[in-house]
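Accompanying notes for the structure given below.
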Amino acid sequence: MSGIERAMALAQSGQQTLTPRVPLITSWTRSPSASANAALRSVIFSGGFNNTFSFKDGSLMSQTGSLSHESYRTKETTSSKRDGTVTYRSPGKQLLSYDLTLLENWNEEEITNTTGQTTINRRDFKQAQAGIGAQDIVLGGVTHDLDLTGATTNQAGVQQNQRNDFSEASLAGALRSSWEPLEGLRFKTGAFTMTESGERSLGVQTNPSSANGDTLRAGVGYRRGRLIGSVTVKNSNFEKRYLDYRRNANGVIDTIGATEKIVEELESNDAVTFEWSNEVHAGSAVLKVLGSRDISENSYLRSGVGVKERRQDMADVSLSFRLGSADSLRLSYKYLWGWSDQTYQGATIPRGRQVTTSQTVKALWVHQLFADTDLVLNLNNGISQDIAQNMFNQNDRDRIDASANLKLRTLWDNGVSVDLVFDARRVEDISIRSSRSANNSVKDTYEISPQYSWPVARWLDIEQSFRVWIQYTDFLFSDLEAVNKQDDFNKRGNLETSVILHPNQRLRVTMRHNHSITLNGKKISDDVVGNSYYFFESDQRVDKLNVSLAYRVNDWFSLEGTTYSGRDLKESYGDRITVTDRYSGDIGVGCSVDKGFGQGRNLKLSVRKIYAHGPSIRDEGKDYWDADFQLNWGF
Amino acid sequence: MILFRRGLIFAILLTVVLCAGCLFEPRDPELPGTNTIDYLPPLSTDNVLGNLERALAGGDPSGYERMLSDDFVFVPDSGALSNYPDVDWDGWGKDQEVAWVGSFLGNVESVTADLQAEEFGDEPGTSSAELRYVYALTVTEIGDSQVLYRAQATLEFHIDGTEWRLTRWTDEQGETDPDSGALLPSLGQRRGAYAASGGS
């Protein structure tokens, strides 16, 4: 019996009244962990140790520590990491809450490129952060939340042999207020401000750095009768002063031939967002409207980027309703219109607006066809347009994307399921300018894919799926002599059959066969009645067979084996027929362990040896170990 | 009643789609000039790389986009990661790549690209491939200054329906300039610079 239980028992018996003695630390959880993973790409070793303390006042302190080392098989790169945090959080449900976090992230990467040159990148990041907050302070009927945060940050880094250090301190405050004068009507405001200063070192230069920013937000939310919605306006801005490399008009580091490679940058940003959302509910019908406008301006004192302005308007309207018990319908329309403009550093006039617009209409119909059968019909139609004002580039283009997708899904009580999908899609790619328009095309794509899953017996499952894709490409200017384009078609069929045997609770055998055919051809001519004639360019047939076997020796130990074999036969037709016939395969044997030792303690191990052959197998993939080890031990 | 309801649903769907089809008309393109880009059918990984090179050299983001699979992912090397730590690299998918390449090609004078400057002899599989290359790009910026990129990358491809597409671009490390011996950055640094200045 614990001290607390003994005191409670004594108090209840009336012999003596005692205050239960609660220790300062009420619980301490320790969780060490270790793992190792060897796969085709890399080998990773990692370990960690976490501690969590709960105190009698309800506060919490946690510590995490981890380290890892990764080396790659496919390239000469090693990477090491070390992370640690200590966090203290005050008890919840108090007017004033406070927290403290100390963290360190360290990593080092050693890269040797194909010419043998080695680069070391290193970063040691330390931060101490303290926060204090007061929630649900009510003054004159208005509820306020207040948060203040202070932090110091220190980084010592080397990136591609260039020093990149900083040491800064920051202070931030946020006040959120909410007032509900009437039921269903709530006004909300928010104010956030931050300031930061310190110094930054880049290369051989060190300069003071600073940042200041604030955000103001105001909004009203309503829920009256059939109406639910909100209106929000937000304005935010910041100004940052920091050392940076010299950058060109695209923001790319461009120091070649420059006398001043590192500059003191002053970046400022100003953004306004307006958003309105509204829902109207009437019976089973819901009408949703969402509208927004975003405006921003971003400017640099030294970077060649200069000034960037952006604006985007969005409207999204959708109506959904039920018709009877078997049908539901959803219709939606989305409109986007936006532009960006840039005035390069030193230029007197803007570059010109890059305008982007898009409109999409969608319809969704869900219908219960029979007792266990649903029909889902999706229709989409949309246009997107890129327009360069004053033709400052040649990339004006339009795209029409229309599709219809019909899905039938049946699931009977005996577990048999049958799916049928029919999909048709038309994509029109239209480049407007003469330098790009030769490739303008219309692509019509059709896909039919029936499949079923049949649990024949308790020990046997069969699944089969069949898919056919057909795509016709019609180049819009292929009839012009200057355009070297021929309309074409691509067809592909795929049949996959899976047989899963589990004759007893220990053994499971899976056999999967995949057969696919791909045919390609180009159009030769059309006749007077509109028939088109095509020339077959190639015929490819691929067969793949996978067999896997798993035998569970006991509750925590299993033996596993897999094999794969494939054949790829391709015939290409032209002036002469070319035939390629390629075989590939692999075999893997291994075992796995998954054993628990009470709560929070477990060991997982999986080891496989893989042997592979075939034309697409790299040297490192011909014969390798695939292993995974994890140990978690909480106490 | 049931027939009426289904008829109503079909009528709604058809109206929506047909109206959308009427509204969404592309602009009339200019007739192709003599300076056109001759893309290859993407029926092999080599052709996909060839098309990417042609798109970069021709300044054609559409051609570049066509070679990317819908689930395309870019993974930066450690140099780009540490130079641009605030970029959302984990979320760099096809949309981000297309937006970047549009901005990149729209704001430079010219690009010459050799994505197979060095090969490691890897062979593609039947429906997917993971191939290593050293790629090299020379970018002539506005104002005629030149920036060189050279890095080792692992490029992953898969057959998307009937054609090959690039599905993953992993920059491994910057490589040495064979002429000057200087260590050159990866193209991931260019993506980082674009994203760090807010994109577009």
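Note on naming: letters A, B, ... go to the chains in the order of the sequence lines (proteins, then strands), and numbering restarts at 1 for each one.
Heavy-atom neighbours of A/Glu76 CD from other residues, nucleotides or ligands within 6.0 Å: at or below the threshold of 12.
Proximity to chain B is absent for every atom of A/Arg467, based on heavy atoms less than 4.5 angstrom apart. Within the 4.5 angstrom heavy-atom criterion, only side-chain atoms of A/Asn520, from C-beta onward, approach chain B. Neither the backbone nor the side chain of B/Phe104 comes within contact range of chain A, judged by heavy atoms closer than 4.5 Å. The contact between B/Ile159 and chain A is made by backbone and side chain atoms together, counting heavy-atom distances below 4.5 Å. With a 4.5 Å cut-off on non-hydrogen atoms, A/Lys491 touches chain B through its backbone but not through its side chain. There is no contact between B/Ala129 and chain A, counting heavy-atom distances below 4.5 Å. The contact between A/Thr112 and chain B is made entirely by backbone atoms, counting heavy-atom distances below 4.5 Å. Only the backbone of A/Asp386 comes within less than 4.5 Å of a heavy atom in chain B; its side chain stays farther off. Heavy atoms of A/Tyr72 lying under 4.5 Å from chain B are absent altogether. The contact between B/Pro41 and chain A is made entirely by side chain atoms (from C-beta outward), counting heavy-atom distances below 4.5 Å. Heavy atoms of B/Val134 lying under 4.5 Å from chain A belong exclusively to its side chain. For B/Arg66, the part lying near chain A is the side chain, with the backbone staying farther off; criterion is any non-hydrogen pair under 4.5 Å. Contacts of A/Gln354 with chain B are absent, with no heavy-atom separation under 4.5 Å from either backbone or side chain. For A/Thr77, the part lying under 4.5 angstrom from a heavy atom of chain B is the side chain only. For A/Thr119, the part sitting under 4.5 Å from any heavy atom of chain B is the side chain, from C-beta outward, and nothing else. There is no contact between A/Tyr245 and chain B, counting heavy-atom distances below 4.5 Å. Of the two parts of B/Asp77, neither the backbone nor the side chain holds a non-hydrogen atom closer than 4.5 Å to a non-hydrogen atom of chain A. Contact annotation for A/Arg582: only side-chain heavy atoms (C-beta onward) come within less than 4.5 Å of a heavy atom of chain B. In this structure, no portion of A/Glu447 lies under 4.5 Å from any heavy atom of chain B.
Donor-acceptor pairing under 3.5 Å is recorded for the side chains of A/Asp327 and A/Trp365. For the residue pair B/Glu30 / A/Ser437, no side-chain donor-acceptor distance below 3.5 Å is found, with atom types taken as modelled. In this model, a donor atom of one side chain and an acceptor atom of the other lie less than 3.5 Å apart for A/Asn494 and A/Asn514. Under the 3.5 Å distance criterion, with hydrogens and angles disregarded, a donor-acceptor pair is assigned to the side chains of B/Ser78 and A/Glu109.
Between atom OH of residue B/Tyr84 and atom CZ of residue B/Arg191 there is a gap of 13.0 Å, rounded to the nearest 0.5 Å. Taken from CG in B/Asp177 to CG in B/Leu148, the straight-line distance is 5.5 Å, to the nearest 0.5 Å. With rounding to the nearest 0.5 angstrom, the CG atom of A/Asp488 is 11.0 Å from the OH atom of A/Tyr472. Distance CD/A/Gln359 to OH/A/Tyr333: 3.5 Å, rounded to 0.5 Å.
Heavy-atom pairs under 4.5 Å with chain A were tallied for B/Glu118, B/Gln146, B/Glu172; the largest tally goes to B/Glu172. Top candidate by heavy-atom pairs under 4.5 Å with chain B, chosen from A/Asn439, A/Thr518, A/Val542, A/Ile111, is A/Asn439. Contact tally against chain A (heavy-atom pairs below 4.5 Å) for B/Leu183, B/Val147, B/Leu43: the top residue is B/Leu43. Between chain A and the residues B/Gln189, B/Gln152, B/Glu130, the largest count of heavy-atom pairs under 4.5 Å involves B/Glu130. Contact count versus chain B (heavy atoms, under 4.5 Å) is highest, among A/Lys570, A/Lys522, A/Lys544, A/Glu267, for A/Lys544. Per-residue counts of heavy-atom pairs under 4.5 Å with chain A were compared for B/Glu65, B/Glu163, B/Arg132, B/Glu141; the largest is that of B/Arg132.
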Task: B/Tyr135 and B/Ser186: CA distance, side-chain angles, deciding distance, side chain to side chain contact (heavy atoms under 4.5 Å, CB included) verdict - done: CA-CA 9 Å; B/Tyr135 63 81; B/Ser186 66; 3.6 Å; yes

TODO: Decide side-chain hydrogen bond (donor to acceptor under 3.5 Å, both in side chains) for A/Trp339 and A/Asp341; before the verdict, give the C-alpha distance in whole Å, the side-chain angles of both, and the deciding distance to 0.1 Å.
DONE: CA-CA 7 Å; A/Trp339 57 261; A/Asp341 203 348; over 6 Å; no

- [ ] Apply side-chain hydrogen bond (donor to acceptor under 3.5 Å, both in side chains) to B/Thr167 and B/Asp71, showing your working.
- [x] CA-CA 6 Å; B/Thr167 188; B/Asp71 56 353; 3.3 Å; yes

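With a 4.5 Å cut-off on side-chain heavy atoms, B/Tyr149 and A/Val252 count as touching.
A salt bridge links B/Arg168 to B/Glu156: at least one charged side-chain nitrogen sits closer than 4.0 Å to a carboxylate oxygen.
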